[in-house]
*Asks:* 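Take this structure first; my questions come after.
Order of appearance sets the numbers: ligands from 1, and atoms from 1 within every ligand.
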Amino acid sequence: MALTLNDRLPIPHKNAEVKNVTCEFCIVGCGYKSYKWPLGTEGTYKDNALGIDLSQQQPTYGDWCSERMFNTITDRDGKKYNLMVIPDKTCVVNVGQNSVRGGMMGVSTFNVASATRDRLKEPQVFRGGMLMESSWEEATTIIAKVYKKIIDNDGADEISHKTFDHGGGGGGFENTWGTGKLFHSAIGTTSASIHNRPAYNSEVHSSREMGVGELNSSYYDTSISDTMLVIGCNPYECQTNLFNIHMQANLDGSTLEDKKREYDKGESLSKGKIIFIDPRRTASITNSIAIAGKENVLHLQIKPAQDITLMNALVSYIIEQGWEAKEFIKNHTENFDAMVKVNKVSLEYASSITNISVADIKKAAEWIAKPKPSGHRPRNAIYYEKGIIWGIKNYENVASIVNLGLVTHSVGRVGTGICRAGGHQEGYTRPEYHGPSRQNLAVIDTDIIQGKYLVYSIWGTNPFGQSIATQRLRNAVNKRSQIVKDAINGYHGNNLDELCDIIYNACKSGGLFVVDIDIYPTQSSERAHIVLPAATTMEMNLTSMSGERRLRLSEKIMDAPGSAKPDCLIAADIANALKAEYLKAGNKTMAKRFEGFEWKNEEDSFKDGFAGQGSKMASQGGPTGTLATYKLLRDAGNNGVQLPIVKVENGKLIGTRLNYADGKFGTKSGRATFLPTPQPAMPKQVAKQVKRYKYWVNSGRINEVWQSNYHTGRLEFTAKRWPMAPLEIHPNDAKELGVTSGDIVQLSNDYGSTRAIAIVTDAVRKGEVFGAFGFQNSIINDLCTDYVDPDTKIPFYKGTAANIVKVGRSEGLIKDMTFLERA
Ligand SMILES: Nc1nc2c(c(=O)[nH]1)N[C@H]1C(S)=C(S)[C@@H](COP(=O)(O)OP(=O)(O)OC[C@H]3O[C@@H](n4cnc5c(=O)[nH]c(N)nc54)[C@H](O)[C@@H]3O)O[C@H]1N2
Ligand SMILES: Nc1nc2c(c(=O)[nH]1)N[C@H]1C(S)=C(S)[C@@H](COP(=O)(O)OP(=O)(O)OC[C@H]3O[C@@H](n4cnc5c(=O)[nH]c(N)nc54)[C@H](O)[C@@H]3O)O[C@H]1N2
Ligand code: SF4
Ligand SMILES: [Mo]
């Protein structure tokens, strides 16, 4: 690739400021160290902050720094610094390794002279036909005046919002608490939705209802399991160091000593095996074979959306063989017979539905449940993620996996787990949501298309590229936002009461008032009337927990650009502005609802939320979160503490490696509950697309690109590597379409049309394509239907259909791409 590389980077001065940073990207939450020292100063080869002799060749995974781990930054006082963000070898999660994403934390920080220079710096207000710089006071007063008018005249539910529910990516317990307190208890709207789905719900309703919190194990336990079962999840590309460190160590046998120590006496020990259930051959599968050999890797190349049948068949066959965990089922579960009655299916039937041979289903069942030579039950680390969560029917999809896990006692035991592999880190702590039950939740993005609500507040997310039926959503919001823009354009004065009346009246005539809080200009800010600039990771202190519930404090190391603020303090500003408006109107009762936001910094939000109340959710650490303080977490460093916290001992937080080790589950009875999970039919919206259009369209992630491509689409390395969304197409389909790798193709169906760059590969089956999501210049979600699971309101992002035609080829566009096999 034609990249401009520096031939040397400055060496951190021995007095560099060193801090702990948790990777801001995926759920794994690798530990990093930041080094910050004044520009123009440097350490020497022998005398530097790293404490190593740099005149010597360093090992592959050493303390060296790549160009992407480095940046030059400017604090608000104008002082300039060198900044290096490198993986921490003392962190047990990543032991000094980074992934291609984590390794870009340095270069993705704000730098006035680099690709991140267009970070949002000041509040903006739509006036005179464009977004214009404003003050925090004016911007939040406009929001407050419009919201107040709506709350008073139409009710708070007319204020709809879509708000990030993250741990990493700038979220953290601080920001979910701030935004949650603003919307749930102060404004009091129930028209809520989360950044990655159109309603306010859980991704794992059924698992929680079965009594099994979704993050119940630890990466160490995965590394000492007998069998890893990975369903609808691509850990090499998406949870990279879970795969590269912990799964790999199990596959290559380097944890055999740990197994010996941790297992029962006399229990058979062997290298780990791994089973993947995925409609396509992923890089995780290819890499596993390279590490462990074909004989230890099983790929069940399932027909999309048929996982429930496969899980039911595995459970049925295991019971038929008498391999189920009888004692555990008897003493710690309920509803087993009812589940078996509904779920019983034969291997032959399952094979015909799933496209997997009877022999392979049997082999999987043996790896998961057949007693080992020593007579002990295999220890399974079961992971599932978006191929399941965003699948045909979220509720049964997840429940059918938990059934399998319970039947084989794969939870609460050393070397086991039934877990989400996870997305970004978690940081949920919010006041209770008072909306309707899960079956009756509002589907916000669909409602917006249908003309509902007066406000759409978009916070730390970009629904126009990542939600359902996105082309329809963009078109609907274009029209509705324009009604408000036109009204604003007709007003040339600057009396805020007059302006807000005009905005309100435009909303009442079909308009939509759009407020966007982000770190970059996006498709959301294009449609917004108010845009507020947020600070993000490394620009504020943030706490979050990882996929193994590891809570850390990621420290502030630099100032945010311009006058950007932490999201929790933006929420506080909006609440305080509303309080002021109500006090001005003499309405003390309403003003009271907006009290409790007198926060000076993000730690105040942490103290009020997570450390003040703990988390309502056991899966987020439960009530003992109150034991956490910034000081204790700072002392705990990058290894932090695994939630729930048990106690504080000699100034150290003591946590929990494995949940449910006592056999008590999160139901009223304390028993885990099996659920009947019949295979559902294809939803009618999707069935219609399948009938009309030739290719099944699956979607998901690629290693180098992070989410909506907000950093990665700007940085040279990734932007050139992936200039548009790649689309994997089978060679036979490609031949029929006259397409070769690198061609631009167009996909279309009833919901919209989009484009992508063809990658011809037999990693996908004939008739099925896989498109990368998140690209803002080629949006695969334009093809997504508006179907949501009626029981959970969770969408089916992974399933739609489209026709494909070749558009042409642009050599300039693809000159820095590689078309070598990825999997
Ligand atoms: N087809 C398809 N669609 C999908 C999925 C799929 O698998 N297939 N997956 C879904 C899933 S799991 C997810 S998580 C979503 C992701 O979809 P989004 O939530 O839309 O994506 P992100 O890029 O994580 O976040 C969006 C915005 O947050 C901003 N941001 C970053 N840090 C901060 C911060 O500190 N503060 C603020 N205020 N803003 C910040 C970024 O600039 C960006 O504009 O997509 C969903 N959509
Ligand atoms: N590189 C990178 N890593 C990321 C992210 C990113 O944007 N980029 N985002 C993070 C976030 S927020 C999330 S939620 C996670 C998501 O992490 P993953 O869920 O691991 O990633 P995806 O690629 O969305 O989907 C996983 C797999 O589901 C498969 N799949 C599709 N349909 C089916 C089906 O019917 N059955 C089965 N069994 N499998 C199916 C797809 O082929 C795909 O390989 O990744 C996190 N990590
Ligand atoms: S594996 Fe995830 S957490 Fe670790 S460095 Fe990569 S993106 Fe960051
Ligand atoms: Mo996600």
*Asks:* Would you mind listing which atoms of ligand 3 come within a distance below 4.0 Å of any non-hydrogen atom of Gly29?
*Replies:*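 Close to Gly29: 3 (S).
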*Asks:* I'd like the name of whichever of Gly700, Gly423, Gly387, Ser708 reaches closest to atom 46 (C) of ligand 2 through any heavy atom.
*Replies:*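 Nearest heavy atom to atom 46 (C) of ligand 2 lies in Gly423.
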*Asks:* So, are Glu821 and Arg281 salt-bridged, with charged N and O less than 4.0 Å apart?
*Replies:*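 Yes, this pair counts.
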*Asks:* When you check the side-chain N and O atoms of Ser410 and Asn380, is any donor under 3.5 Å from an acceptor?
*Replies:*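 A donor-acceptor contact under 3.5 Å links the two side chains.
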*Asks:* Considering only the protein, which heavy-atom contact is closest to atom 7 (O) of ligand 2, and what is its distance?
*Replies:*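 Atom 7 (O) of ligand 2 sits closest to the protein heavy atom Gln707 N, 2.7 Å.
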*Asks:* Return yes if a side-chain donor-acceptor contact under 3.5 Å exists between Gln306 and Thr354, otherwise no.
*Replies:*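 Thr354 and Gln306 do not have a side-chain donor-acceptor pair below 3.5 Å.
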*Asks:* Give the contacting part of Thr240 toward ligand 2: side chain, backbone, both or neither, where contact means a heavy-atom distance below 4.0 Å.
*Replies:*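 Answer for Thr240: neither.
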*Asks:* Taking NZ, NE, NH1 and NH2 as the nitrogens, is one of them in Glu237 or Arg822 under 4.0 Å from a carboxylate oxygen of the other?
*Replies:*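 Salt bridge between Glu237 and Arg822, a charged N being under 4.0 Å from a carboxylate O: yes.
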*Asks:* Between Tyr384 and Val204, which heavy-atom pair has the shortest distance, and what is it?
*Replies:*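 Shortest heavy-atom contact: OH-CG1, 3.3 Å.
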*Asks:* Using a 4.0 Å cut-off to any heavy atom of Thr282, which atoms of ligand 2 qualify?
*Replies:*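 With Thr282 as reference, the close atoms of ligand 2 come out as 44 (O).
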*Asks:* What atoms of ligand 2 come closer than 4.0 angstrom to any heavy atom of Ile702?
*Replies:*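 Taking each heavy atom of Ile702 in turn, ligand 2 has 1 (N), 2 (C), 8 (N) under 4.0 Å.
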*Asks:* Determine the minimum heavy-atom distance between Arg197 and Asn201, stating which atoms define it.
*Replies:*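 Nearest pair, atom of Arg197 first, then Asn201: NH2-O, 2.6 Å.
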*Asks:* Is the distance between the ring centroids of Phe164 and His195 less than 6.0 Å?
*Replies:*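 Ring-ring flag for Phe164/His195: false, centres at least 6.0 Å apart.
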*Asks:* What are the atoms of ligand 2, with element, lying closer than 4.0 Å to any heavy atom of Cys233?
*Replies:*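 It comes down to these atoms of ligand 2: 20 (O), 26 (C), 27 (C).
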*Asks:* If you measure from atom 40 (C) of ligand 2 to every heavy atom of Cys238, Ala772, Pro279, which option wins on shortest distance?
*Replies:*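 Comparing heavy atoms across Cys238, Ala772, Pro279, the nearest one to atom 40 (C) of ligand 2 lies in Pro279.
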*Asks:* Assess, by modelled atom type and distance only, whether the side chains of Ser400 and Asn403 contain a donor and an acceptor separated by less than 3.5 Å.
*Replies:*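 Ser400 vs Asn403: no donor-acceptor pair found between side chains.
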*Asks:* State, without any angle test, whether Asn196 and Thr461 hold a side-chain donor-acceptor pair at a distance under 3.5 Å.
*Replies:*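 Short answer, no.
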*Asks:* Can you report which non-hydrogen protein atom sits closest to atom 38 (N) of ligand 2, along with the distance?
*Replies:*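 Checked against all protein heavy atoms, atom 38 (N) of ligand 2 sits closest to Asp307 OD2, 2.7 Å.
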*Asks:* For ligand 2, does Glu385 get within less than 4.0 Å through its side chain, its backbone, both, or neither, judged by non-hydrogen atoms?
*Replies:*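 For Glu385, backbone and side-chain atoms both sit under 4.0 Å from ligand 2.
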*Asks:* Which atoms of ligand 2 sit under 4.0 Å from any heavy atom of Pro304?
*Replies:*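 The list of qualifying atoms is 35 (O).
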*Asks:* Which option out of Glu203, Glu237, Gln239 puts a heavy atom nearest to atom 17 (O) of ligand 2?
*Replies:*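 Of the listed residues, Gln239 has the closest heavy atom.
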*Asks:* Specify side chain, backbone, both or neither for Arg101, according to which of its non-hydrogen atoms lie closer than 4.0 Å to ligand 2.
*Replies:*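 Looking at Arg101 and ligand 2, just side chain atoms fall under 4.0 Å.
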*Asks:* Name the closest protein heavy atom to atom 31 (C) of ligand 2, giving the residue it belongs to and the distance to 0.1 Å.
*Replies:*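 Scanning the protein heavy atoms, the shortest distance from atom 31 (C) of ligand 2 goes to Asn698 OD1, 3.2 Å.
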*Asks:* What is the closest protein heavy atom to atom 29 (C) of ligand 2, and at what distance does it sit?
*Replies:*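 Checking every protein heavy atom, the shortest distance to atom 29 (C) of ligand 2 gives Asp278 OD2, 3.3 Å.
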*Asks:* Select one of side chain, backbone, both or neither to describe which atoms of Ala305 lie under 4.0 Å from any atom of ligand 2, heavy atoms only.
*Replies:*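 The answer is the backbone of Ala305.
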*Asks:* Give a yes/no on ligand 3: does Tyr32 have at least one heavy atom closer than 4.0 angstrom to it?
*Replies:*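 Judged by the 4.0 Å heavy-atom criterion, Tyr32 does count as contacting ligand 3.
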*Asks:* For Glu385, is there an ion pair with Arg420 - N to carboxylate O distance below 4.0 angstrom?
*Replies:*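 Result for this pair is yes, salt bridge flagged.
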*Asks:* Quick one: pull up OH in Tyr751 and OG1 in Thr800 and give me the separation to the nearest 0.5 Å.
*Replies:*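 It is 7.5 Å, given to the nearest 0.5 Å.
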*Asks:* Specify side chain, backbone, both or neither for Ile389, according to which of its non-hydrogen atoms lie closer than 4.0 Å to ligand 2.
*Replies:*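 Answer for Ile389: neither.
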*Asks:* Can you list, by chain and residue number, the protein N, O or S atoms under 2.8 Å from atom 6 (Fe) of ligand 3?
*Replies:*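 Hits for atom 6 (Fe) of ligand 3 below 2.8 Å: Ser99 OG.
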*Asks:* Hey, which atoms in ligand 2 end up nearer than 4.0 Å to a heavy atom of Val705?
*Replies:*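 Here the atoms of ligand 2 in question are 1 (N), 2 (C), 6 (C), 7 (O), 8 (N).
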*Asks:* Consider every N or O of Asn234 and every N or O of ligand 2, then say whether any pair is closer than 3.5 Å.
*Replies:*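 Yes; at least one N/O pair falls below 3.5 Å.
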*Asks:* Does the ring of Phe25 carry Arg101 above it, NZ/CZ under 6.0 angstrom from centre and within 45° of its axis?
*Replies:*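 No, a cation-pi geometry is absent between Arg101 and Phe25.
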*Asks:* Provide the number and element of each atom of ligand 2 under 4.0 Å from a heavy atom of Lys798.
*Replies:*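 The atoms of ligand 2 under 4.0 Å from a heavy atom of Lys798 are 22 (P), 24 (O), 25 (O), 32 (N).
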*Asks:* Salt bridge between Arg280 and Glu728, side-chain N to carboxylate O under 4.0 Å?
*Replies:*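 Here Arg280 pairs with Glu728 in a salt bridge, since their nearest N and O are under 4.0 Å apart.
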*Asks:* Hey, does Ile231 come in under 3.5 Å of ligand 2, counting only N/O atoms on both sides?
*Replies:*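 No - when backbone and side-chain N and O of Ile231 are compared with those of ligand 2, no distance drops under 3.5 Å.
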*Asks:* At less than 4.0 angstrom from any non-hydrogen atom of Gly232, what atoms of ligand 2 do you find?
*Replies:*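 Here the atoms of ligand 2 in question are 19 (O), 26 (C), 27 (C), 28 (O), 37 (C), 38 (N), 39 (N).
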*Asks:* Taking only heavy atoms of Arg280, which atoms of ligand 2 are found under 4.0 Å from at least one of them?
*Replies:*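 Close to Arg280: 41 (C), 42 (O), 43 (C), 44 (O).
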*Asks:* Which protein heavy atom lies closest to atom 23 (O) of ligand 2, and at what distance to 0.1 Å?
*Replies:*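 For this ligand atom, the closest protein heavy atom is Arg701 N, 2.9 Å.
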*Asks:* Please check this pair: side chain of Ser554 against backbone of Val21, looking for a donor-acceptor N/O pair closer than 3.5 Å.
*Replies:*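 No: the side chain of Ser554 does not pair with the backbone of Val21.
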*Asks:* Under a 4.0 Å heavy-atom limit, does Lys386 contact ligand 2 with its side chain, its backbone, both, or neither?
*Replies:*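 The answer is both.
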*Asks:* Do Asn71 and Thr109 pair up side chain to side chain, a donor and an acceptor below 3.5 Å, judged on atom types alone?
*Replies:*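 Result is yes, a qualifying pair exists.
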*Asks:* Hey, is ligand 2 close enough to Trp706 that some N/O pair sits below 3.5 Å?
*Replies:*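 No, since none of the N or O atoms of Trp706 sits under 3.5 Å from an N or O of ligand 2.
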